[in-house]
Amino acid sequence: MSELHTPQAGADQAKDMDVVALLMRQHGDIRNLFDEVEQSQGDARRDAFRRLVRLLAVHETAEEEVVHPFARRALSGGDQVVEDRLAEERAAKETLAELDDMDTDDPQFLPRLRALRTDVQEHARAEERYEFTHIRRSTDVTNLAAMAKAVKAAEAMAPTRPHPGVESAAANVAVGPVAALMDRTRDAVRKAMGS
(Lines give C-alpha, C1' and ligand atoms only; values in the text may rest on other atoms or scores of the structure.)
Protein backbone atom coordinates (compact mmCIF):
# COMPACT_ATOMS: atom_id res chain seq x y z
CA MET A 1 0.00 0.00 0.00
CA SER A 2 1.46 3.39 -0.93
CA GLU A 3 1.97 6.04 1.69
CA LEU A 4 -0.57 8.30 -0.01
CA HIS A 5 -3.36 5.83 0.74
CA THR A 6 -2.67 5.26 4.41
CA PRO A 7 -5.32 6.48 6.86
CA GLN A 8 -2.81 8.93 8.40
CA ALA A 9 -1.87 10.40 5.01
CA GLY A 10 -5.55 10.84 4.19
CA ALA A 11 -6.16 12.55 7.52
CA ASP A 12 -3.20 14.90 6.96
CA GLN A 13 -4.46 15.78 3.47
CA ALA A 14 -7.95 16.46 4.84
CA LYS A 15 -6.48 18.72 7.55
CA ASP A 16 -4.55 20.63 4.92
CA MET A 17 -7.83 21.45 3.18
CA ASP A 18 -8.92 23.51 6.20
CA VAL A 19 -6.86 26.60 7.02
CA VAL A 20 -7.56 26.34 10.74
CA ALA A 21 -6.42 22.71 10.94
CA LEU A 22 -3.37 23.53 8.80
CA LEU A 23 -2.33 26.45 11.00
CA MET A 24 -2.95 24.45 14.19
CA ARG A 25 -0.67 21.71 12.80
CA GLN A 26 1.97 24.37 12.11
CA HIS A 27 1.65 25.60 15.71
CA GLY A 28 2.55 22.05 16.76
CA ASP A 29 5.45 21.98 14.30
CA ILE A 30 6.74 25.27 15.74
CA ARG A 31 6.60 23.88 19.30
CA ASN A 32 8.51 20.80 18.14
CA LEU A 33 11.18 22.92 16.43
CA PHE A 34 11.67 25.00 19.57
CA ASP A 35 12.25 21.71 21.42
CA GLU A 36 14.74 20.58 18.78
CA VAL A 37 16.69 23.85 18.89
CA GLU A 38 16.86 23.79 22.70
CA GLN A 39 17.91 20.14 22.89
CA SER A 40 20.58 20.17 20.17
CA GLN A 41 24.05 21.68 19.89
CA GLY A 42 26.49 22.95 17.28
CA ASP A 43 25.54 22.41 13.64
CA ALA A 44 22.38 20.51 14.59
CA ARG A 45 21.16 23.52 16.61
CA ARG A 46 22.02 25.90 13.77
CA ASP A 47 20.10 23.73 11.30
CA ALA A 48 17.08 23.41 13.60
CA PHE A 49 17.10 27.17 14.21
CA ARG A 50 17.21 27.87 10.43
CA ARG A 51 14.14 25.64 10.01
CA LEU A 52 12.41 27.40 12.91
CA VAL A 53 13.13 30.84 11.44
CA ARG A 54 11.78 29.70 8.07
CA LEU A 55 8.59 28.21 9.51
CA LEU A 56 7.91 31.22 11.74
CA ALA A 57 8.47 33.63 8.85
CA VAL A 58 6.26 31.70 6.45
CA HIS A 59 3.57 31.02 9.07
CA GLU A 60 3.27 34.61 10.28
CA THR A 61 3.37 36.10 6.80
CA ALA A 62 0.66 33.73 5.60
CA GLU A 63 -1.48 34.67 8.60
CA GLU A 64 -0.94 38.37 7.88
CA GLU A 65 -1.98 37.93 4.26
CA VAL A 66 -4.77 35.34 4.64
CA VAL A 67 -6.11 34.99 8.19
CA HIS A 68 -5.96 38.55 9.49
CA PRO A 69 -7.76 40.17 6.53
CA PHE A 70 -10.55 37.59 6.84
CA ALA A 71 -10.76 38.13 10.61
CA ARG A 72 -11.01 41.91 10.14
CA ARG A 73 -13.98 41.47 7.80
CA ALA A 74 -15.79 38.53 9.37
CA LEU A 75 -15.37 38.79 13.14
CA SER A 76 -17.15 41.11 15.51
CA GLY A 77 -14.39 43.38 16.81
CA GLY A 78 -12.08 41.88 14.19
CA ASP A 79 -9.99 45.03 13.80
CA GLN A 80 -8.97 45.00 17.48
CA VAL A 81 -8.38 41.24 17.49
CA VAL A 82 -6.04 41.61 14.50
CA GLU A 83 -4.26 44.66 15.89
CA ASP A 84 -3.52 42.74 19.09
CA ARG A 85 -2.12 39.79 17.11
CA LEU A 86 -0.04 42.10 14.91
CA ALA A 87 1.51 43.76 17.98
CA GLU A 88 2.46 40.31 19.30
CA GLU A 89 3.90 39.36 15.90
CA ARG A 90 5.97 42.55 15.67
CA ALA A 91 7.53 41.91 19.08
CA ALA A 92 8.30 38.29 18.16
CA LYS A 93 9.84 39.35 14.83
CA GLU A 94 12.14 41.81 16.59
CA THR A 95 13.34 39.10 18.97
CA LEU A 96 13.69 36.65 16.08
CA ALA A 97 15.80 39.16 14.14
CA GLU A 98 18.06 39.62 17.20
CA LEU A 99 18.44 35.85 17.51
CA ASP A 100 19.10 35.55 13.78
CA ASP A 101 22.10 37.88 14.22
CA MET A 102 23.53 35.74 17.05
CA ASP A 103 25.55 32.57 16.88
CA THR A 104 23.50 29.67 18.25
CA ASP A 105 26.46 28.82 20.53
CA ASP A 106 26.39 32.28 22.13
CA PRO A 107 25.63 31.96 25.89
CA GLN A 108 22.77 34.47 25.48
CA PHE A 109 21.14 32.52 22.64
CA LEU A 110 19.16 29.96 24.66
CA PRO A 111 17.78 32.42 27.26
CA ARG A 112 16.57 34.70 24.45
CA LEU A 113 15.21 31.73 22.50
CA ARG A 114 13.22 30.63 25.58
CA ALA A 115 11.79 34.14 25.96
CA LEU A 116 10.79 34.07 22.28
CA ARG A 117 9.23 30.64 22.76
CA THR A 118 7.06 31.94 25.61
CA ASP A 119 5.92 34.90 23.48
CA VAL A 120 5.23 32.72 20.44
CA GLN A 121 3.22 30.21 22.48
CA GLU A 122 1.11 32.95 24.08
CA HIS A 123 0.54 34.43 20.62
CA ALA A 124 -0.49 31.04 19.21
CA ARG A 125 -2.99 30.51 22.04
CA ALA A 126 -4.47 33.97 21.39
CA GLU A 127 -4.80 33.22 17.67
CA GLU A 128 -6.46 29.90 18.37
CA ARG A 129 -8.89 31.46 20.84
CA TYR A 130 -9.67 34.81 19.23
CA GLU A 131 -9.27 34.10 15.51
CA PHE A 132 -9.24 30.44 14.56
CA THR A 133 -12.34 29.38 16.52
CA HIS A 134 -14.35 32.27 15.10
CA ILE A 135 -13.05 31.80 11.56
CA ARG A 136 -14.26 28.21 11.52
CA ARG A 137 -17.71 29.39 12.65
CA SER A 138 -17.79 32.31 10.20
CA THR A 139 -17.17 30.62 6.87
CA ASP A 140 -17.73 27.49 4.85
CA VAL A 141 -15.45 24.64 3.79
CA THR A 142 -14.82 26.26 0.39
CA ASN A 143 -13.35 29.39 1.98
CA LEU A 144 -11.42 27.37 4.56
CA ALA A 145 -9.92 25.35 1.70
CA ALA A 146 -9.09 28.46 -0.37
CA MET A 147 -7.29 30.02 2.59
CA ALA A 148 -5.43 26.73 3.19
CA LYS A 149 -4.31 26.73 -0.44
CA ALA A 150 -2.83 30.21 -0.02
CA VAL A 151 -1.01 29.20 3.17
CA LYS A 152 0.38 26.08 1.46
CA ALA A 153 1.56 28.18 -1.49
CA ALA A 154 3.53 30.33 0.92
CA GLU A 155 4.97 27.27 2.62
CA ALA A 156 5.95 25.65 -0.68
CA MET A 157 7.81 28.63 -2.10
CA ALA A 158 9.99 29.38 0.91
CA PRO A 159 13.55 28.08 0.70
CA THR A 160 14.44 25.07 2.82
CA ARG A 161 17.67 26.75 3.89
CA PRO A 162 19.25 30.18 3.54
CA HIS A 163 20.71 30.99 0.15
CA PRO A 164 23.13 33.87 0.62
CA GLY A 165 23.48 36.06 -2.44
CA VAL A 166 20.07 35.22 -3.88
CA GLU A 167 18.59 38.47 -2.62
CA SER A 168 20.09 41.72 -3.79
CA ALA A 169 22.80 43.05 -1.53
CA ALA A 170 20.89 46.32 -1.03
CA ALA A 171 17.70 44.50 -0.03
CA ASN A 172 19.60 42.18 2.28
CA VAL A 173 21.27 45.10 4.05
CA ALA A 174 18.05 47.10 4.22
CA VAL A 175 15.67 44.44 5.53
CA GLY A 176 17.68 41.38 6.45
CA PRO A 177 17.15 37.74 5.51
CA VAL A 178 14.03 37.19 7.68
CA ALA A 179 12.26 40.18 6.16
CA ALA A 180 13.32 39.16 2.64
CA LEU A 181 11.84 35.70 3.22
CA MET A 182 8.62 37.31 4.45
CA ASP A 183 8.44 39.48 1.32
CA ARG A 184 8.83 36.44 -0.95
CA THR A 185 6.21 34.56 1.06
CA ARG A 186 3.80 37.50 0.87
CA ASP A 187 4.17 37.57 -2.92
CA ALA A 188 3.41 33.82 -3.13
CA VAL A 189 0.30 34.16 -0.94
CA ARG A 190 -1.03 37.03 -3.03
CA LYS A 191 -0.47 35.04 -6.20
CA ALA A 192 -2.28 32.00 -4.74
CA MET A 193 -5.20 34.17 -3.60
CA GLY A 194 -5.44 35.66 -7.10
CA SER A 195 -4.86 39.26 -6.03
Side-chain angles (χ1 to χ4, degrees), residues 11-35 37 51-100 113-158 178-195:
D12 288 344
Q13 288 173 345
K15 287 178 189 173
D16 285 353
M17 292 305 296
D18 175 325
V19 71
V20 173
L22 175 61
L23 294 172
M24 294 283 288
R25 179 179 55 78
Q26 288 181 353
H27 283 178
D29 293 345
I30 289 166
R31 282 190 299 273
N32 291 340
L33 276 170
F34 270 111
D35 286 344
V37 174
R51 288 183 283 126
L52 176 63
V53 168
R54 176 186 175 271
L55 180 54
L56 285 170
V58 169
H59 179 82
E60 292 305 327
T61 303
E63 286 178 340
E64 289 168 10
E65 293 296 315
V66 178
V67 175
H68 298 332
F70 181 86
R72 281 188 193 277
R73 290 188 312 271
L75 308 183
S76 175
D79 282 333
Q80 188 59 54
V81 167
V82 170
E83 288 306 314
D84 291 345
R85 300 302 71 78
L86 290 173
E88 295 161 1
E89 289 171 12
R90 274 191 296 278
K93 285 177 190 174
E94 289 172 11
T95 304
L96 188 61
E98 290 171 13
L99 282 167
D100 201 37
L113 180 79
R114 289 181 183 122
L116 174 65
R117 180 182 191 148
T118 299
D119 292 345
V120 166
Q121 288 176 328
E122 288 173 6
H123 170 70
R125 282 191 294 275
E127 285 178 335
E128 292 166 8
R129 179 176 181 189
Y130 298 113
E131 283 187 294
F132 295 0
T133 302
H134 300 289
I135 287 171
R136 191 179 299 274
R137 290 183 196 149
S138 301
T139 194
D140 59 22
V141 294
T142 303
N143 281 331
L144 290 171
M147 288 190 280
K149 178 183 174 188
V151 170
K152 286 189 291 188
E155 193 174 56
M157 63 69 50
V178 173
L181 173 59
M182 290 175 176
D183 287 342
R184 290 191 305 272
T185 303
R186 190 171 284 114
D187 292 343
V189 169
R190 288 178 181 158
K191 183 177 179 182
M193 294 295 288
S195 47

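All heavy atoms count here, side chains included; hydrogens, waters and symmetry mates do not. We're numbering straight along the sequence, starting at 1.
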Has Arg129 got more than 12 heavy atoms of other residues, nucleotides or ligands less than 6.0 Å from its CZ? no
So does Asp18 pair up with Arg25, basic N to acidic O under 4.0 Å? no
Looking at NZ of Lys152 and CE of Met17, how far apart are the two atoms once the value is rounded to the nearest 0.5 Å? 5.5 Å
Taking all atoms of both residues into account, what is the closest heavy-atom pair of Leu75 and Glu131, and its distance? CD1-CA, 4.2 Å
With a 4.0 Å cut-off, would you call Arg125 and Glu128 a salt bridge? no
Qualifying residue for side-chain hydrogen bond (donor to acceptor under 3.5 Å, both in side chains) with His68, from Arg73, Glu83, Glu89: Glu89
Quick one: pull up CG in Leu56 and CD1 in Ile30 and give me the separation to the nearest 0.5 Å. 4.5 Å
Mind running salt bridge (Lys or Arg N to Asp or Glu O under 4.0 Å) on Lys93 and Asp100 for me, showing each step along the way? CA-CA 10 Å; Lys93 285 177 190 174; Asp100 201 37; over 6 Å; no
Can you tell me how far CG of Asp29 sits from NE2 of His59, rounded to the nearest 0.5 angstrom? 10.0 Å
Using the rule given for side-chain contact (heavy atoms from CB on, under 4.5 Å), can you reason through Glu64 versus Leu86, listing the C-alpha separation, both sets of side-chain angles and the distance that settles it, and then say yes or no? CA-CA 8 Å; Glu64 289 168 10; Leu86 290 173; 4.0 Å; yes
CZ of Phe34: more than 12 outside heavy atoms within 6.0 angstrom? yes
Quick one: does Leu55's side chain get under 4.5 Å of Arg51's, heavy atoms only? no
Looking only at heavy atoms, the pair that brings Leu116 and Ala92 closest together is CD1-O, 3.6 Å
What pair of heavy atoms forms the shortest contact from Leu113 to Leu52, and how long is it? CD1-CD2, 4.1 Å
Of the non-hydrogen atoms in Phe70 and Ile135, which two are nearest, and what is the gap between them? CD2-CG1, 3.8 Å
Between His123 and Arg85, which heavy-atom pair has the shortest distance, and what is it? CE1-O, 3.5 Å
Which residue, Leu22, Val58, Thr61, forms the side chain to side chain contact (heavy atoms under 4.5 Å, CB included) with Val151? Leu22
Please walk me through it: do Val67 and Met147 pass side-chain contact (heavy atoms from CB on, under 4.5 Å)? CA-CA 8 Å; Val67 175; Met147 288 190 280; 5.5 Å; no
Here the gap from Asp119 atom CG to Glu88 atom CD, rounded to the nearest 0.5 Å, amounts to 9.0 Å
